[in-house]
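What follows is one structure encoded as structure tokens, with my remarks underneath.
All of these numbers come straight from a predicted model, not from anything done at the bench. Only heavy atoms go into these numbers, but all of them, side chains included; no hydrogens, no water, no symmetry mates. Each chain gets a letter, A, B and so on, in the order the sequences are listed, and its residues count up from 1.
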There are 2 protein chains.
Amino acid sequence: MSIEPCVFIVDDEEPVRSALTLLMDSVGLKSESFPSAQEYLDQFDASKPGCLILDVRMPGLSGLDLQARLGAEKIHPPIIIITGHGDVPMAVRAVTAGAIDFIEKPFNNQSMLDNVHRAIEQDAKQRGETSRLQDIEKRYDDLTPREKEVLQCVIEGKRNKIIASEMNISQSTVEAHRSKVMEKMVANTLSDLMRMALLLKLIS
Amino acid sequence: MSIEPCVFIVDDEEPVRSALTLLMDSVGLKSESFPSAQEYLDQFDASKPGCLILDVRMPGLSGLDLQARLGAEKIHPPIIIITGHGDVPMAVRAVTAGAIDFIEKPFNNQSMLDNVHRAIEQDAKQRGETSRLQDIEKRYDDLTPREKEVLQCVIEGKRNKIIASEMNISQSTVEAHRSKVMEKMVANTLSDLMRMALLLKLIS
DNA sequence: AGAAAAATTAGAATATGTGATAATTTATAT
DNA sequence: ATATAAATTATCACATATTCTAATTTTTCT
């Protein structure tokens with residue numbers, strides 16, 4: 001049972017905020033409005049699922065600044081940019097930086113909703129992947145240095161005998177580490193381990 | 001030893017073509033010019049490495065049409081779009097469809113060259129990956145149906161005994177198929193096989 | 001129909017990996 | 001300094017996988 005997704009609206013113009021709020025209400029989507037990027041950041045909580053609608057031109061941080069700020073923190077919620085006076089380079093920059101869409105006001109309600117729905121789906125998908133990955137990362141972090149070394153060799157397809165000679169330890173030790181690795185990573189088979197190693201990007 | 005990359009310039013205006021040609025010449029980059037998308041398509045050869053510079057507004061197929069056409073054929077050379085009269089939705093569409101950049105004329109020579117160099121690098125990288133993948137696909141295609149079934153089970157981590165019972169065949173048969181698979185795929189170890197299976201997207 | 005490829009099975013020798021149990025030696029941190 | 005964790009080793013029994021050789025049956029294609 002996951003939390004209901006929310007549309008975070010950041011725009012300094014009150015009429016735009018209330019129009020968007022009403023639009024989201026009309027399809028039963030939860031939303032929250034902020035008159036500035038800073039106020040959004042002040043309450044920011046990475047655990048809240050949903051997407052962002054950002055105005056470009058605002059006092060203080062612009063929407064693009066906010067997008068860049070989040071990106072720098074490796075936070076990538078789906079973002080829809082809206083603007084009164086957009087230009088091409090600005091649009092290219094936003095989309096290249098990962099924005100779902102870059103829309104000029106006045107926008108079409110239906111296409112905005114389409115974007116929002118797509119954004120929310122994307123966020124849900126990302127969150128699922130991220131949380132699975134974090135589980136695996138936690139297990140990996142729990143490995144001792146030696147165990148990590150052995151894991152690396154195992155996923156490279158090296159036999160225990162080879163690993164032993166490369167690490168200058170006995171085969172027994174390798175077996176011990178290896179079995180600890182399987183246990184700690186909660187892998188039943190080698191292919192389970194390989195799949196996790198992939199997610200952890202341990203594989204060339 | 002790979003073929004020298006080429007910048008394919010598609011623009012109906014002769015002055016633009018010659019300006020770009022000169023620009024490429026000035027940094028020793030090979031280029032070829034075409035006055036229309038159709039003429040580019042007529043000589044198109046997927047084996048030629050490089051990138052594309054496409055004008056949006058042209059008689060016949062537009063640059064965006066050509067981009068879409070190539071995309072529909074799963075051909076994804078790096079594309080730089082240039083335009084005299086671009087608008088925001090057009091730029092968003094191009095970049096969303098994978099264009100490296102969308103630039104309004106008159107463009108800055110240096111930033112064009114930066115884009116081209118980035119594009120050529122990206123193409124080289126893609127080609128490397130694609131050719132490795134194609135090698136592996138060829139091997140996979142060479143597997144018999146039964147061998148493919150066994151491969152699928154193996155990468156799911158199933159033991160020979162289990163595979164045998166699921167396929168209603170003897171363990172010996174599974175072993176025979178399995179060893180053929182390793183041979184045909186040119187895999188020395190299970191992890192080699194897993195890595196290939198990943199590229200082939202045989203893994204969930 | 002006849003040849004070729006694919007699928008099937010078996011047996012035996014060998015190599016590898018797994019699991020359980022136990023014990024010793026380093027490190028490391030409180 | 002002394003628990004605690006990490007790293008090390010060994011051994012035995014058992015399960016699995018690999019390699020080789022050889023043969024039979026079934027499909028498939030010409």
Side-chain angles (χ1 to χ4, degrees), chain A residues 134-200 202-204, chain B residues 134-200 202-204:
Chain A
Q134 283 172 344
D135 278 354
I136 295 172
E137 274 168 350
K138 257 181 240 156
R139 297 178 205 162
Y140 180 73
D141 288 341
D142 209 40
L143 298 181
T144 67
R146 250 357 205 179
E147 284 162 359
K148 285 180 189 174
E149 270 186 76
V150 170
L151 170 54
Q152 187 61 49
C153 291
V154 168
I155 63 185
E156 284 167 11
K158 290 174 185 158
R159 316 230 168 240
N160 290 348
K161 194 189 289 188
I162 306 297
I163 303 175
S165 81
E166 280 186 6
M167 290 176 68
N168 283 310
I169 54 180
S170 80
Q171 206 165 323
S172 313
T173 312
V174 176
E175 284 160 12
H177 286 321
R178 186 169 179 159
S179 109
K180 261 289 175 202
V181 167
M182 296 297 280
E183 187 189 320
K184 285 186 179 176
M185 296 299 290
V186 198
N188 288 313
T189 65
L190 181 53
S191 68
D192 287 345
L193 197 65
M194 292 287 298
R195 272 193 286 273
M196 295 184 205
L198 280 163
L199 295 175
L200 293 172
L202 299 178
I203 289 177
S204 40
Chain B
Q134 284 174 343
D135 278 354
I136 296 172
E137 274 169 352
K138 256 182 243 158
R139 297 178 205 163
Y140 181 73
D141 289 341
D142 209 40
L143 298 181
T144 67
R146 239 20 193 167
E147 285 162 357
K148 286 180 187 172
E149 270 186 75
V150 171
L151 170 55
Q152 188 61 50
C153 292
V154 168
I155 64 185
E156 283 167 10
K158 290 173 185 160
R159 312 214 170 262
N160 290 347
K161 194 189 288 185
I162 307 297
I163 302 174
S165 82
E166 280 185 6
M167 289 177 68
N168 284 311
I169 56 181
S170 80
Q171 207 165 321
S172 314
T173 312
V174 176
E175 284 160 13
H177 285 321
R178 187 167 178 162
S179 111
K180 261 287 174 207
V181 168
M182 295 297 280
E183 188 188 320
K184 286 186 179 176
M185 296 299 289
V186 198
N188 288 312
T189 66
L190 180 53
S191 68
D192 287 343
L193 198 65
M194 291 288 297
R195 273 193 286 272
M196 295 184 205
L198 280 163
L199 295 175
L200 293 172
L202 300 178
I203 289 176
S204 40

Worksheet item: If the sugar-phosphate is the primed atoms plus P, OP1 and OP2 and the base is the rest, what is the B/S/- string for nucleotides 23-30 of chain D, using protein heavy atoms under 4.0 Å?
Response: --------
Discussion item. Does the protein touch nucleotides 2-21 of chain D at the base, only the backbone, or not at all? Give it as B, S and - per nucleotide, heavy atoms under 4.0 Å.
Written reply: ----SSBBBB----SSB---
Practice prompt. Before giving the answer on salt bridge (Lys or Arg N to Asp or Glu O under 4.0 Å), spell out for Asp192(B) and Arg195(B) the whole-Å C-alpha distance, their side-chain angles and the decisive distance to 0.1 Å.
Written response: CA-CA 5 Å; Asp192(B) 287 343; Arg195(B) 273 193 286 272; 2.8 Å; yes
Worksheet item: Yes or no on salt bridge (Lys or Arg N to Asp or Glu O under 4.0 Å) for Glu175(A) and Arg178(A), after CA distance, side-chain angles and deciding distance?
Response: CA-CA 5 Å; Glu175(A) 284 160 12; Arg178(A) 186 169 179 159; over 6 Å; no
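Listed here is the closest heavy atom pair of Arg159(A) and Asn188(B): NH2-O, 4.3 Å.
Contact annotation: the side chain of Ile203(A) approaches that of Met194(A) to within less than 4.5 Å [non-hydrogen atoms, C-beta and beyond]. Met185(B) has its side chain within reach of Ile136(B): a pair of non-hydrogen atoms, C-beta onward, lies under 4.5 Å apart. Looking only at side-chain heavy atoms (C-beta outward), Met196(B) and Leu199(B) stay at 4.5 Å or farther from each other.
Over its full length, the helix from dA1(C)-dT30(D) to dT30(C)-dA1(D) turns its helical axis through 60°, comparing axes from the five pairs at each end and rounding to 10°.
The distance from the OG1 atom of Thr173(B) to the CG atom of Asn168(B) is 11.5 Å, given to the nearest 0.5 Å. To the nearest 0.5 Å, atoms CD1 (Ile162(A)) and CD (Gln171(A)) are separated by 9.0 Å.
Scanning for side-chain contact (heavy atoms from CB on, under 4.5 Å) contacts around Met182(A) gives Ala187(A), Leu193(A), with sequence neighbours left out.
The pair Lys138(A)-Asp141(A) fails the salt-bridge criterion, with no side-chain N (NZ, NE, NH1 or NH2) lying under 4.0 Å from an Asp/Glu carboxylate O.
Between chain A and DNA chain C, the heavy-atom contact criterion of under 4.0 Å yields a 5' to 3' nucleotide range of dT16(C) to dT18(C).
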Atom pairs and distances, donor-acceptor, side-chain atoms in residues 146-156 of chain B, under 3.5 Å, two or more places apart:
residue   : atom : partner   : partner atom : Å
Arg146(B) : NH1  : Glu149(B) : OE2          : 3.0
Glu147(B) : OE1  : Thr144(B) : N            : 2.9
Glu147(B) : OE1  : Thr144(B) : OG1          : 3.3
Glu147(B) : OE1  : Lys184(B) : NZ           : 2.9
Gln152(B) : NE2  : Glu156(B) : OE2          : 3.0
Gln152(B) : NE2  : Leu202(B) : O            : 3.2
Glu156(B) : OE1  : Lys158(B) : NZ           : 3.0

